[in-house]
Amino acid sequence: MSDILEQLNNKQREAVEALTGPVMVIAGAGSGKTRVLTYRVAHLLNQGVDPFNILALTFTNKASREMKERIIRLVGNADAKNVWMGTFHSVFARVLRSEAYRLGFPSHFSIYDTDDTKRLIKTIIKDIDLDDKIYSSGYIANRISGAKANLITAEAYNSSDEILTHDKLAGKPFIGEIYKQYKARCFRASAMDFDDLLLNTFILLESFPDVLLKYQMKFNFILVDEYQDTNHAQYMILKKLAARDENICVVGDDAQSIYGFRGANIQNILNFKRDYPDALEFKLEQNYRSTQTIVNAANTVIIKNKDQIYKEIWTENEEGNLIELLKAQSDNEEGTLVANSIFGIKMNEHVRNDAFAVLYRTNAQSRSIEEALRRLNIPYRIYGGLSFYNRKEIKDLLAYFRLSINHNDEEALKRIINYPARGIGKTSQESIIVAADQADKPMWEVIDNPGQHNLGLNSGTRSKLTAFVTMIKSFSAQVRTKNAFELAKLIAHSSGIMKDLNEDKTPEGISRYENIEELLNAIKEFSDKPKEVLPGEETKMQADGTSIPTLDEFMQDVALLTDADVQDKDGGDKVSLMTIHAAKGLEFPYVFIVGLEENLFPSIQSLGSRADLEEERRLFYVALTRAQKKVTISYAQNRYRWGNLTLCEPSRFIDEIDRRFVAFPSRPGDKKLPFGLQFPSGQSQPFKKNLKKVNNLSTASSGDNSLNAGATADQIIPGIEVEHARFGKGKVISVEGSGQSRKASVFFRNVGQKQLLLQYARLKIVE
DNA sequence: GTGTGATATCTTTTT
DNA sequence: GATATCACAC
């Protein structure tokens with residue numbers, strides 16, 4: 001057993017053997033980071049540490065599951081299954097379930113997902129009569145989420161001058177008020193959102209010393225994966241938990257920090273040594289994954305970032321292929337080139353489909369790739385995008401489950417009170433909500449005791465309400481006693497969902513019906529499986545061993561699952577399509593990185609600040625270093641974005657790879673004409689379509705022609721060359737709006753793309 | 001109260 | 001181009 005250490009290199013072995021005290025492992029891409037973590041856990045177990053005293057935190061369920069499997073292979077099942085292992089969110093959700101009563105929450109609190117959060121914020125904005133143009137739910141949700149990630153409670157938010165001033169300057173002085181109400185509403189609904197799982201855990205540890213001590217004694221050894229992606233809340237929770245023993249080992253790579261947008265704080269890794277002055281630090285710099293070409297190419301990219309811990313990643317692997325660059329006319333052609341290339345490699349090298357991954361910046365890019373792969377009959381699987389648990393029909397059924405478990409869950413209640421249609425329409429719902437707000441009670445209280453609140457509903461609606469309440473109550477009565485699958489099936493049928501979906505014979509309707517069946521299958525699997533196999537369930541020791549797997553147990557994990565956790569049905573040999581974010585931690589022999597265009601990758605939102613641009617560069621670094629044998633990058637010169645054809649310029653990241661490592665396309669010179677000088681003036685198919693559309697628009701709005709010295713508004717059409725007094729010559733990409741707000745996107749050779757109001761721009765047409 | 005068509009916004013990335 | 005919300009007709 002102890003010879004497991006011999007499977008490690010010296011650095012890895014040192015990192016594994018330093019079992020006590022604070023340890024930081026800076027692990028370059030492909031350097032065996034996960035290996036160190038798993039061996040460390042195995043080593044702890046071999047040294048006689050009780051598995052119940054080990055806490056191993058990861059960022060995804062998948063990573064956690066894989067780590068568990070590896071540990072099982074090293075030390076056997078009996079020990080490994082009792083290690084506390086999971087994502088931050090799932091582990092602390094579990095802690096909260098047993099301690100939440102101290103914060104006034106029931107243990108069966110609901111977990112609101114992003115969707116629920118946004119809906120609730122929207123209703124609040126409406127309730128307090130704010131303009132939803134100024135207060136967009138997405139922006140507010142981000143603001144609140146950001147605050148929570150930094151442990152700023154609603155009270156703290158509303159008493160911070162700095163924050164309030166910031167919001168005032170942004171023209172949104174009522175965000176604090178929305179936050180306050182949002183918090184109150186969540187509490188009333190016995191619900192926590194994702195960020196609450198961390199914030200409330202922190203509050204719990206902060207306010208209850210006995211709880212803190214309990215978990216400090218429980219978690220003697222703490223291991224954290226992907227430490228570079230922790231936010232402030234996670235950092236503070238760790239700090240508290242580790243304060244007693246300081247047996248904390250964090251593993252990460254600052255160069256792979258790509259979650260800054262959701263509050264990840266790269267300083268956490270940079271400051272570890274400040275917090276723990278006697279921390280041991282290990283750097284893993286040997287890459288075992290990729291060829292020399294890939295490692296070196298990635299190094300030449302990442303070195304352009306200013307914020308980083310210096311390290312030198314190297315490899316003993318073979319030199320390997322150059323990075324191939326594909327250039328396409330359009331996004332569709334890009335898909336075809338990628339699919340053809342995959343097909344070619346498969347033929348020549350005889351490799352399986354699952355040796356390939358296509359990585360992109362945004363989910364929307366998957367479509368053209370999918371279509372091309374389908375044409376060549378290459379099977380693929382998409383990760384992310386509209387995830388299974390985000391589909392409407394799934395959320396509807398889950399809402400029934402949620403409401404049956406937690407009557408106060410208002411987002412669930414609102415979702416299903418009239419789905420399937422049962423005659424409780426908008427007006428009735430409005431009056432229920434008004435009554436609930438007046439009494440400051442959950443909506444359920446009101447519909448459960450309609451007599452005590454003057455609802456003013458007619459008797460027909462009342463009896464419909466009673467029927468609904470009775471139905472939910474009958475489900476509730478069985479939540480803890482009935483087998484999860486049996487109850488789920490019962491709810492699906494008696495709620496009327498099955499009937500409703502079954503009547504819809506369109507392809508979409510059939511697929512919705514099948515999705516419900518799939519969810520029921522998943523629940524069946526949950527019911528049949530012995531408990532310890534389920535992530536998050538392993539420490540739940542049932543004394544009698546005869547317990548029935550119940551629906552509320554199933555629901556505890558479901559909110560924290562993502563698409564990546566849904567097992568592929570045929571589990572087969574498929575090409576993987578996913579965003580680069582989703583690809584972190586994975587590796588593939590052949591990697592295609594598509595859409596390397598300015599404004600897409602790097603994203604247009606990142607161009608404003610160095611920090612954001614550096615995050616995009618790290619993202620590119622992550623993408624490159626997923627590959628074992630070969631990287632192919634591609635870009636398109638034209639791409640449909642939000643339904644319009646747009647001209648694209650190759651990404652700066654292409655040029656940032658040292659030329660020694662790149663095989664450029666055979667036609668030299670092509671690439672150096674980025675703004676489509678070879679663009680046939682309006683001849684290409686999609687472009688023509690676009691031209692026509694805009695033309696219609698311009699004739700419809702020919703009224704306002706206040707252009708003085710320049711051309712008239714309807715002379716400015718996509719495709720023509722224009723000249724601007726200050727910006728020089730450029731090409732019109734698209735035109736939109738009418739009258740005074742009519743504006744054009746123009747690509748200028750010297751200054752890039754600009755949006756111009758035609759009323760002021762005074763463009764001259766270049767003949 | 002319900003269903004249908006029009007329209008606005010969306011595209012960054014996720015637990 | 002796709003989806004979610006909204007106005008309007010039944």
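Chain naming here is simple, since letters A, B, ... match the order of the sequence lines and numbering starts at 1 in each.
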Contact string for nucleotides 5-12 of chain B, one letter per nucleotide 5' to 3', B = base within protein heavy-atom range under 4.0 Å, S = sugar-phosphate only, - = neither, reads ----SBSB

Protein heavy-atom contacts under 4.0 Å, written 5' to 3' over nucleotides 5-10 of chain C as B (base), S (sugar-phosphate only) or - (none), form the string SS----

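In this view, F202(A) satisfies the ring pair (Phe, Tyr, Trp, His ring centres under 6.0 Å) rule with no residue, not counting sequence neighbours. By the salt bridge (charged side-chain N to carboxylate O under 4.0 Å, His left out) test, R639(A) is found to be paired with E334(A), E597(A), residues two or more places apart in sequence or in another chain being considered. A search for salt bridge (charged side-chain N to carboxylate O under 4.0 Å, His left out) contacts involving R119(A) returns D115(A), not counting sequence neighbours. Partners of F261(A) according to the side-chain contact (heavy atoms from CB on, under 4.5 Å) rule, which considers only residues two or more places apart in sequence or in another chain, are Y259(A), H581(A), E615(A). Under the ring pair (Phe, Tyr, Trp, His ring centres under 6.0 Å) criterion, F601(A) pairs with F620(A), F653(A), not counting sequence neighbours. Qualifying side-chain contact (heavy atoms from CB on, under 4.5 Å) partners for A435(A), counting only residues two or more places apart in sequence or in other chains: V446(A), H453(A), L455(A). Contacts of L238(A) classified as side-chain contact (heavy atoms from CB on, under 4.5 Å), with partners at least two apart in sequence or in another chain: L57(A), F88(A), I222(A), V224(A), Y227(A), I248(A). In this view, Q308(A) and D254(A), I302(A), N305(A) satisfy the side-chain contact (heavy atoms from CB on, under 4.5 Å) rule, not counting sequence neighbours.
Between the N200(A) side chain and the L197(A) main chain, no donor and acceptor come within less than 3.5 Å of each other.
Counting non-hydrogen atoms under 4.0 angstrom, Y259(A) reaches the backbone sugars and phosphates but no base. Backbone-only contact: G423(A) has heavy atoms under 4.0 Å from sugar-phosphate atoms and none from a base. Here F601(A) lies out of heavy-atom contact (under 4.0 Å) with every strand.
If you measure from atom CG of L57(A) to atom P of dT15(B), you get 15 Å, rounded to the nearest angstrom. One atom, CD of Q365(A), and another, P of dA2(C), lie 16 Å apart when rounded to the nearest Å. The CD1-P distance, from I144(A) to dT15(B), rounds to 21 Å in whole Å. Atom NZ in K392(A) sits roughly 10 Å away from atom P in dA4(C) (whole-Å rounding). Taking atom CG of residue N332(A) and atom C1' of nucleotide dG1(C), one finds them 12 Å apart after rounding to whole Å. The CZ-P distance, from R367(A) to dA2(C), rounds to 6 Å in whole Å. Taking atom CZ of residue R262(A) and atom P of nucleotide dT13(B), one finds them 13 Å apart after rounding to whole Å. The distance between atom CG of D115(A) and atom P of dT14(B), rounded to the nearest whole Å, is 15 Å.
A sub-4.0 Å separation between OP1 or OP2 of dT15(B) and a side-chain N or O of T87(A) is absent. For dT14(B), the OP1/OP2 oxygens have no side-chain nitrogen or oxygen of T114(A) closer than 4.0 Å.
Listed in residue order, the members of residues 192-205 of chain A having a heavy atom less than 4.0 Å from DNA chain B are F194(A).
Nucleotides dT12(B) and dT5(C) place their C1' atoms 23 Å apart, quoted to the nearest Å. Taking atom P in both dA4(C) and dT13(B), one finds a spacing of 15 Å when rounded to whole Å.
Looking at S90(A) and T87(A), their side chains do bring a donor and an acceptor atom within 3.5 Å of each other.
Pairs engaging residues 136-147 of chain A under the salt bridge (charged side-chain N to carboxylate O under 4.0 Å, His left out) rule: R143(A)-D167(A) [sequence neighbours left out].
Nearest-nucleotide positions on DNA chain B for I424(A) and T579(A) put I424(A) closer to the 5' end.
Between E370(A) and R374(A), at least one side-chain N (NZ, or NE/NH1/NH2) sits under 4.0 Å from a carboxylate O, which counts as a salt bridge.
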